[in-house]
Every structure is written in C-alpha cells, then in structure tokens.
Participant: 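What follows is a structure written as structure tokens; I'll ask about it next.
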Amino acid sequence: MRSDEVKSGYQRAPNRALLRSLGVTDKEMNLPFIGIANAYNTIVPGHTHLRQLAEKVKEGIAAAGGVPFEFGVIGICDGIAMGHEGMHYSLPSRENIADSIELMTESHRFDGLVCVGTCDKIVPGMLMAAARVNIPALVLTGGPMLSGYYEGRDTSLIEIFEGVGKVAAGTMTEEALCDLERCAMPGCGSCQGLYTANTMACMTEALGMSLPGCAAIPAVDSAKLRIARESGEAILDLVKNDVKPRDIITKKSLKNAIRVDMALGGSTNTVLHLMAIATEANVPLELEDFNTIAESVPHICFMQPAGPHSMQTLHRAGGVPAVLKRLESYLDNSPTVSGKTILQIAKAALVKNEEVIRSRQNPINATGGLKVLFGSLAPNGSVVKCAAVPLAMWTHTGPARVYDSEQLAMKAILARKIKEGDVIIIRYEGPRGAPGMPEMLSPTSALMGLGYTKVVLITDGRFSGGTRGPCIGHVAPEAAVGGPIALVKEGDKIAIDLFTKTIDILVDTATLEQRRKVLKPYTKKLTGVLARYAKTVEQANFGAVQT
C-alpha cells in the first residue's frame, strides 16, 4: 500500500504517533488510507449539504475496510461572484483546487481518493487532480437543487438574471423581481438547469468517474445519501484492483463524455474543462473532436435554459444512464469506477420518459448541442451552445459594437444603446487579459430580458451555462495577446455561420495588419493570485490550464 510509506517500519514511529493521536487503532494501521476531498462550505448553495454526504462516504469506506481522512477544498459560487470583480477569481480557483488536492494526497500518501463536490470549477478541478495524482479515485457530485415555484410555474436562477433586463425594460417591477428571487432557489444543490455545474456532473458520470445515476439525483433526495455510502464502498474495490483515473479517463471515455454533452446540449464551459482534464490525463484532445462528434450525435434532451426540462426532470426520466441507453450504438466501451463498463450501464438502463429523453429518430436537433467556430476573428477557435440559439440566428452579419470590458457592455445594454442586428464584442476578458476569463450571465440575460432577439454577443471570455441565444465565447487568441478580436473597430462587419462553423471579421487583411502595427493591448495592474495566474495561463483552446 502507498500509505505504508507513512506508517510501516520502526523508522515511521513518529508518523504513527501522530496518526494515533487522531484515534487510528492498531488494526486500522494495516488498512488502506482513503482521502476525502470535501468542498463543503456555507456560502455556496451547492456545497452546504456536502458535510452530510461526506459522513456517508466515511461510513462506506469504514464498512468496506478502509480508514477515511477528510480534508477541505475551496469553492466559489459563480452566481454570487457574477457581474463584479469577484468573477475574475472563479476560473483560477479550478487550478487551486487541483493543486490543493494534489498537495494533500501526495504529502499524506493516501491509497485512494474520494472527491465530494458540486459546481462549476470544483468538479473539474477535482477531476484534474485525480488524473494528475493518478491513484484510485472517484467523484461524488452533490446533486442539483429542486426547482423553485412562482405564480404557478417552476423557476430557476436564470429567470432572476433575465428579470434584471425586464426591470430595465419596464416590463417587470422591482417588487415582482424581489418576489421572484425569494422563490426561485428553494434550498441546497447546484442550480436547477443544465448549466455548467450540472453539465460537469453529467460529464463526470459519462467519463466513468462517478457511480451510475449520480449526476442527476437531487441534492435533497435520500438516494444521494445512499450513493454517497456506495461511493465510499466502491473506492476500496478500486484500491484493491489498482484501478486508477488514467485507466478510466482515456480518449474513448472523453469521447463518450462529449457525446453525452452533445445529446444533452450542455454548457460551453465543458469544452474548456474537458480539454483541461485531458491535459492532466495526458490524453490528446482537440477542439475539432467536438465538431466531429457533434456532426454524428443528435441533440435529444431539451434542457434548461434552452428548453423546459430541469435536472430533476432528467433524473425522473432515467438520468445519465438513460441518455447512455439512447446513445448505445455511438459509445466506445470503457471501464467505470462502478466496475461495470459504460456499455453494460447503457444496456441495463431504462428510459422512463420519451419526451424528456427523446429517441435518435425524434431529436430536438439532428446534430449535437455545441459547435466550435473558426475563422478570421477566431483562428484558434470559439465555442457556442447552438442548442440554445434560435435557427433564425444561425447565420448573421452585423455591425460590431465594441467594449473593452463586461461592465461597459452592460451599461450600454441597460441604457438601450444596442440595436437589433448589432454584434456586441466584449474583449480583454480572456484567460490572461481579464484575467481569469470571467463568465458573463448578466449581459446575456439582460439582452433576453430587454426583449432583443437579433443581437449576437462575442467574447474572449466565457458564458455561464445558463446563457441562451447567439452567444459565442472562448475566442482564441484573446485580445490581450493580440488576437484578431483586439483589432475590431466600431462598425466593422462581423459574420457568423453556425452551419459552416465560421466566425469572421469582414475587414481586408491589409487593413487589419495596419491596425496591428499601432495596437496597444489594454493591460491591467495585477497583484496576488491573479498576477501569478496571468503569467502562466494558456489560451482557451488549450483549456486555460496553467503551465
């Protein structure tokens, strides 16, 4: 056992003395030591219940013959951090999470690892850490929040963001918005729709790194307690059989995850995170892989925010296993932490609601829910959730409205300075320029709330998984490193075509080169974490990983 390095032999008497002070018994000294990385805190709704889940994990570990040791992991709530300076710290926290788990796991020589987390950067950071340390590991995702209820209908967080735009447009009162905010988020769990947190939970299950059904079980359902116990038991089987994350996170399983992503119509952030996870697992993954898979896999689940279905609805319809059932003929067989292969899970699953999880013959869209666009504006790629874009806006050419920050764009949107047909460019919000590639839900939701239907938004930053409409993010190279997006001027014609997967600035090369000669990229004075992050972060097409 790896933990023998800290507990075996007379030379380790001092180490054992410290372990005994924790209450570790003679018998337990001979058992596998299992680390539990727990993202519990009392500021993130998706994390407030994780302490209880971790207790069930401990029970499972002990019952299966292991010794559990719990340690803490940070977590940032993107919804609370959204729209202000705090959002710059969200993506960098992913690297901090991965680093902290590596530090704790390697220094204490755990034999196995259970990661307990929810939400946008926490689960990806945990998967990155698992692939990096490569000891037997699995992930227990904390589960989605139940839907809110307001005036006879189910509600979610996105309606509140869009309500801000409605208040600005005069179609909703501040009092009504206040009533809505009291009802939309009824308790613990990740936000209700297929936003980034829940998409990444689905990706974790599709990768084979969590037990079947885990992703969609609501946070407050007793089934989540049971699967937490089972996760604790399962890690001992992985330790016994020496099954490691890199045995599970392979090119085959990453492709399976992308297939599930396309079928669900998940968040654009999954592209960023899956690329980063692949990097940690030493698996070659390219942006073009997403387009190739999207062409063959249909979009079969009409999930929030694009459609009506919440994660709770998906759970009742059979969850991720039922989606795998629909995709069975597309899947590459690969192992999972359950001991079953992904095809065994798919074959055993049941689709309990044909409308929620449609057949391949009756899809929402014939192709997958994400597209990667390339062109003169984004030579190294950009990402759009095409599942949430009305077909009428799949092709569009319009004048650029250029803003060097999200805040400047938001002021213009709320002041109604944007016209239908405009293409809003928000730049210097990329991994290095922002830094931290902040998510933007406020501008996109404000546009929806104000009633705009023909406005495109393009950024070198990111969009929330709750975004809907023609919103294109992850433009690479970013403005801060001199990407073409830095050369755009007010009024330039911008053309997008989701059918041909292109995004172009309709300005001749000679003019762009002349602009480049006089370009002085906007820079910010940085300190602390953000300064260190900006120096080492890669571009979005490489997953914004730090090198």
Side-chain angles (χ1 to χ4, degrees), residues 78 81-85 87-88 90-91 120 161 196 267-272 287 370-386 388-389 393 396 398-413 418 422-448 452 455-490 492 494-496 498 502-505 521-522 524 537 539-541 543-544:
D78 282 10
M82 194 77 66
H84 55 81
E85 189 66 23
M87 193 64 218
H88 293 280
S90 178
L91 186 57
D120 302 41
F161 273 97
T196 306
S267 165
T268 53
N269 285 314
T270 56
V271 177
L272 199 71
L287 285 179
L370 296 175
K371 288 184 184 290
V372 179
L373 313 182
F374 295 89
S376 58
L377 187 61
N380 294 340
S382 58
V383 185
V384 62
K385 186 196 287 190
C386 55
V389 180
M393 288 300 292
H396 181 79
R401 304 298 307 280
V402 184
Y403 303 96
D404 286 347
S405 73
E406 177 188 358
Q407 288 73 24
L408 291 173
M410 190 66 176
K411 287 179 182 179
I413 292 168
I418 304 300
D422 284 349
V423 178
I424 299 173
I425 302 287
I426 304 179
R427 62 192 181 190
Y428 295 103
E429 297 287 7
R432 193 167 298 178
M437 211 180 177
E439 280 188 355
M440 300 176 198
L441 182 55
S442 296
T444 58
S445 296
L447 287 169
M448 290 294 169
Y452 288 100
V455 173
V456 176
L457 205 160
I458 299 172
T459 181
D460 51 8
R462 296 181 297 122
F463 292 112
S464 163
T467 295
R468 59 190 178 102
C471 302
I472 302 163
H474 305 201
V475 168
E478 63 176 300
V481 299
I485 193 171
L487 306 178
V488 181
K489 288 192 174 182
E490 191 85 4
D492 287 347
I494 306 295
I496 65 164
L498 272 59
T502 55
I503 179 169
D504 293 295
I505 174 172
Y522 174 71
K524 299 176 182 178
V537 68
Q539 291 296 288
N541 55 303

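FYI, the numbering just counts along the sequence from 1. The structure presented is a predicted model; accordingly, all values stated were derived computationally and were not measured.
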Participant: Could you pull out all residues at least two apart from S445 that satisfy side chain to side chain donor-acceptor pair (under 3.5 Å)?
Facilitator: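 None.
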Participant: Go through the structure and list residues passing side chain to side chain donor-acceptor pair (under 3.5 Å) with S405, not counting sequence neighbours.
Facilitator: none
Participant: Quick check against the 3.5 Å criterion: does K371 have a side-chain atom that pairs as donor or acceptor with the backbone of K385?
Facilitator: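 Checked: no pair found.
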Participant: With R427, which residues qualify under salt bridge (charged side-chain N to carboxylate O under 4.0 Å, His left out), at least two apart?
Facilitator: D404
Participant: Has the side chain of D504 got a donor or acceptor atom that lies under 3.5 Å from a matching backbone atom of A495?
Facilitator: no
Participant: Output all residues satisfying side chain to side chain contact (heavy atoms under 4.5 Å, CB included) with K489, sequence neighbours left out; order by chain, then residue number.
Facilitator: D492, R515
Participant: For F463, check ring pair (Phe, Tyr, Trp, His ring centres under 6.0 Å) against everything at least two apart and list the hits.
Facilitator: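 So F463 forms no ring pair (Phe, Tyr, Trp, His ring centres under 6.0 Å) with any residue.
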Participant: Report the residues that fulfil salt bridge (charged side-chain N to carboxylate O under 4.0 Å, His left out) with E85, sequence neighbours left out, ordered by chain and then residue number.
Facilitator: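 By the salt bridge (charged side-chain N to carboxylate O under 4.0 Å, His left out) rule, E85 matches no residue at all.
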Participant: Keeping to residues at least two apart or across chains, list the salt bridge (charged side-chain N to carboxylate O under 4.0 Å, His left out) pairs with something in residues 475-485.
Facilitator: none
Participant: Quick one: list whatever passes side chain to side chain donor-acceptor pair (under 3.5 Å) with N541, sequence neighbours left out.
Facilitator: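 Here no residue qualifies.
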Participant: Mind checking salt bridge (charged side-chain N to carboxylate O under 4.0 Å, His left out) for D422 and listing every partner two or more places apart, or none if nothing turns up?
Facilitator: R401
Participant: Applying salt bridge (charged side-chain N to carboxylate O under 4.0 Å, His left out), which residue pairs with at least one partner in residues 461-476 are found, sequence neighbours left out?
Facilitator: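 Pairs touching residues 461-476 that pass the test: E162-R468, E439-R462.
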Participant: Is there a donor-acceptor pair under 3.5 Å between the side chain of S382 and the backbone N or O of H474?
Facilitator: no
Participant: Who passes side chain to side chain donor-acceptor pair (under 3.5 Å) against T268, sequence neighbours left out?
Facilitator: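 Scan of T268 (side chain to side chain donor-acceptor pair (under 3.5 Å), adjacent residues dropped) gives none.
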Participant: Keeping the roles fixed (side chain from Y452, backbone from I418), state whether a donor-acceptor pair exists under 3.5 Å.
Facilitator: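 Yes; judged by distance alone, with no hydrogens or angles, the pair exists.
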Participant: With sequence neighbours excluded, what pairs up with P484 under the side chain to side chain contact (heavy atoms under 4.5 Å, CB included) test?
Facilitator: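 Testing P484 for side chain to side chain contact (heavy atoms under 4.5 Å, CB included), a comparison that skips the adjacent residues, returns P379, P477.
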